[in-house]
Amino acid sequence: MKVAILLYEGFDELDAIGPFEVLENAANVGADCRTSLCTLDGRERVAASHGLGVEVDDRLDDLSPDLLVVPGGGWNDRSEAGAWTEAERGAVPDAVAAANDAGTTVASVCTGAMLLARAGLLDGRPATTHASALDDLRATDAEVVDARVVDDGDVLTAGGVTSGLDLALHLVEREFGAETATQVREEMEYEPRGEVYR
């Protein structure tokens, strides 16, 4: 499985790095999984919301991933760099919609769900996001549910920042089996919370 985590200026560090570490740990215990950090424009380094500089592997257009993970960050404070700005620009929502149209499963963490909503991927679907952005999500055509992870097949959403770990572990179990997910949980000493909404 080829996984791409889409970075943009102002993304929240843990939204992206948490799932990255889960998926890399899955690969380390034998899952057929390769995870890349990517951007739309091919820049080599991206500044995250708390100041971490992250090196990028690829451009999204060069990857054709099976799974695209979209982090949040910077939505609620309408920061100059972050999900709000990317939603207003439109390039990220357009790329996410195009990827899903091409058969890519799309998953969001935290306010990355607002980018999926802007892409039209959450229309009529169950979804969740960070608690502080739930009213914004309710203002879309999504069906807001109270869950840390929502799995609607080819579109998944996760709540606040740490729920990205739950999302990634769920995906590991869904794609590679319970034994692999257990090995990753034990390696990371992390136990997901709550039931996945399907």
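- The residues Asp57 and Lys2 are annotated as not salt-bridged, no charged nitrogen and carboxylate oxygen being separated by less than 4.0 angstrom.
- Atom OG1 of Thr85 sits about 9.5 Å away from atom OH of Tyr8, to the nearest 0.5 Å.
- A pairwise comparison of heavy atoms in Glu13 and Ser49 identifies OE1-OG, 3.3 Å as the closest pair.
- Remark: Leu23 CG to Ser36 OG distance equals 11.0 Å, nearest 0.5 Å.
- Rounded to the nearest 0.5 angstrom, Arg59 CZ and Thr39 OG1 are separated by 8.0 Å.
- Looking at Asn25 and Met188, their side chains come closer than 4.5 Å, going by heavy atoms from C-beta outward.
- Linking ILVMFWY residues whenever their side-chain heavy atoms come closer than 4.5 Å, directly or via other members, places Leu52 and Phe11 in the same cluster.
- For the side-chain contact (heavy atoms from CB on, under 4.5 Å) test, residues two or more places apart in sequence or in another chain that qualify with Val144 are Leu134, Leu137, Arg138.
- How far CG of Leu115 is from CG of Leu122: 10.0 Å, rounded to the nearest 0.5 Å.
- Counting all heavy atoms, side chain and backbone alike, Thr104 lies closest to Leu68 at CG2-N, 3.7 Å.
- No path of Ile, Leu, Val, Met, Phe, Trp and Tyr side chains, each step under 4.5 Å between heavy atoms, connects Ile17 with Val22, placing them in separate hydrophobic clusters.
- Of the residues Thr35, Leu67, Asp32, the one that meets the side-chain contact (heavy atoms from CB on, under 4.5 Å) test with Met1 is Leu67.
- The minimum heavy-atom distance between Gly74 and Trp84, with the atom names listed, is O-CB, 3.7 Å.
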Criterion side-chain contact (heavy atoms from CB on, under 4.5 Å) on Asp154 and Arg125, from CA distance to verdict: CA-CA 11 Å; Asp154 66 333; Arg125 290 180 182 257; 2.9 Å; yes
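- Going from atom CD1 of Ile5 over to atom CG of Leu60 covers 12.0 Å, rounded to the nearest 0.5 Å.
- Not a single donor-acceptor pair under 3.5 Å links the side chain of Thr128 to the backbone N or O of Ala158.
- Closest approach of Ala119 and Pro93 over heavy atoms only: CB-O, 3.2 Å.
- Summarising the geometry of Trp75 relative to Ala83, their closest heavy-atom pair is CE3-C, 3.8 Å, with the distance given to 0.1 Å.
- Looking at Asp166 and Arg193, their side chains come closer than 4.5 Å, going by heavy atoms from C-beta outward.
- Side-chain atoms of Glu9 and Val46, non-hydrogen and from C-beta on, do get closer than 4.5 Å to each other.
- Evaluated for a side-chain contact (heavy atoms from CB on, under 4.5 Å) with Thr157, the options Val70, Val109, Leu116 yield exactly one hit, Leu116.
- Rounded to the nearest 0.5 angstrom, Leu7 CG and Glu55 CD are separated by 11.5 Å.
- When the shell of 6.0 Å around CZ of Arg34 is examined, it contains 12 or fewer heavy atoms from other residues, nucleotides or ligands.
- Scanning both residues, Leu14 and Asp12, for their nearest heavy atoms gives N-OD2, 3.2 Å.
- For Glu88, the CD atom is densely surrounded, since the number of other residues' heavy atoms within 6.0 Å is greater than 12.
- With 3.5 Å as the limit, one finds no donor-acceptor pair spanning the side chains of Arg118 and Thr140.
- Between the side chains of Tyr197 and Asp146, no donor N or O sits under 3.5 Å from an acceptor N or O.
- Taking Leu156 as the reference, Thr105, Ala107, Asp151, Leu167, His170, Leu171, Arg174 meet the side-chain contact (heavy atoms from CB on, under 4.5 Å) condition, with sequence neighbours excluded.
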Derivation of the side-chain contact (heavy atoms from CB on, under 4.5 Å) call for Arg185 and Glu173: CA-CA 11 Å; Arg185 282 196 305 270; Glu173 183 166 348; 4.1 Å; yes
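- One hydrophobic cluster, built from ILVMFWY side chains closer than 4.5 Å, holds both Tyr190 and Val184.
- Hydrophobic clustering keeps Leu40 apart from Leu63 (ILVMFWY residues linked when any side-chain heavy atoms are closer than 4.5 Å, directly or through intermediates).
- Linking ILVMFWY side-chain heavy atoms closer than 4.5 Å, directly or via other members, places Val161 and Val69 in two distinct hydrophobic clusters.
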